[in-house]
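For ligands, and for the atoms within them, numbers begin at 1 and follow the listed sequence.
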Amino acid sequence: MAAVIDGKKISTELKDELKEKVAKLKEKGVEISLAVVQVGNDPASTVYVGNKKKACAYVGINSLSYELPESTSEEELLSLVQKLNHDPVVNGILVQLPLPNHIDENKIIQAISPAKDVDGFHPQSVGALSIGQKGFVSCTPAGIIELLKRSGITIEGKECVIVGRSNIVGKPMAMLMLRENATVTICHSRTKDLKEVTRRADILIVAIGKTKFITKDYVKEGAVIIDVGMNRDENNKLCGDVHYDDVFPKVSAITPVPGGVGPMTIAMLMNNCVQSVL
Ligand code: NDP
């Protein structure tokens, strides 16, 4: 019988711990402020931004909202980022992605001061992670490490297979699992015989954006499954990259979608905001 890794519960525990830390900092006169920038009104982005602001309110972090029209130019956005970089009140800067097509996301990410890069996407943050130096770590992979640790799952010495090599999930995930002394394999769309590789995994982390792609044939008996995917099925129901019902009887632990990795991503964003003043 598989254990369900309850991301909702674990993220609430983490946010409660952060809430206490934030209250103690406030007693010492330290306030934390996160600038949340959204360009346009993509409905999914509006939901994510809303959830992030809600989490800020819960933990006691001030969220400063910048809602810009879709027509905002790259120069205008860059100048806002520069203003926020230099604003002593602002501790963290979050520019919600994706940005409209006429804005170069990389340029914006690189413009954010690494000291305020609470999303952990700046090349300096990514570089620091890969050479084991201090810096902000991308929230989703950092949240997965917390989920595993707080669920009592040993990482050291385990075979970890990550499916997906994006800059925000797959690659930083691999670095973090290496840091935790797992043996790491990264797979992608050009991997030959994916099943053969994923079946070696003690811990299988899937971030590909393909509804219910991973079935029981892809998993080893007793494996731990982390499903990062957030997709909509044919009934518009939120579901992961893993076929949950199919793999459930075969695995030892699994994250559900929703209620697994998603809530941890936001909790880790709050954690990064707190780290920004420590
Ligand atoms: P990207 O689209 O940036 O990357 C997808 C990766 O999956 C690529 O590396 C791609 O390979 C690989 N891939 C695609 N199809 C296959 C396949 N058939 N076999 C093997 N590999 C494949 O996705 P993201 O990393 O941004 O997101 C992945 C999923 O995670 C999405 O559903 C997204 O919504 C979700 N997500 C959830 C978050 C959360 O908080 N829960 C946060 C971020 C993302 P290649 O490089 O060769 O193209």
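- The distance from atom CD1 of I168 to atom CE of M173, rounded to the nearest 0.5 Å, is 13.0 Å.
- Contacts classified as ring pair (Phe, Tyr, Trp, His ring centres under 6.0 Å) and involving residues 190-241 (residues at least two apart or in different chains) are given here: F213-Y218.
- Contact of the I93 side chain with the N85 side chain is registered, since non-hydrogen atoms from C-beta on lie closer than 4.5 Å.
- When heavy-atom distances to ligand 1 are checked against 4.0 Å, the residues falling inside are T140, V163, G164, R165, S166, I168, V169, H188, S189, L194, A207, I208, G209, K210, F213, V228, G229, M230, N231, V261, G262, T265, ordered by chain and number.
- For Q133, the side-chain contact (heavy atoms from CB on, under 4.5 Å) partners two or more places apart in sequence, or in a different chain, are A128, I131.
- Each of L204, V242, D217 was compared with V247 under the side chain to side chain contact (heavy atoms under 4.5 Å, CB included) criterion, and only V242 meets it.
- Within the structure, the salt bridge (Lys or Arg N to Asp or Glu O under 4.0 Å) test picks out the following pairs touching residues 202-213 (sequence neighbours left out): D202-K220.
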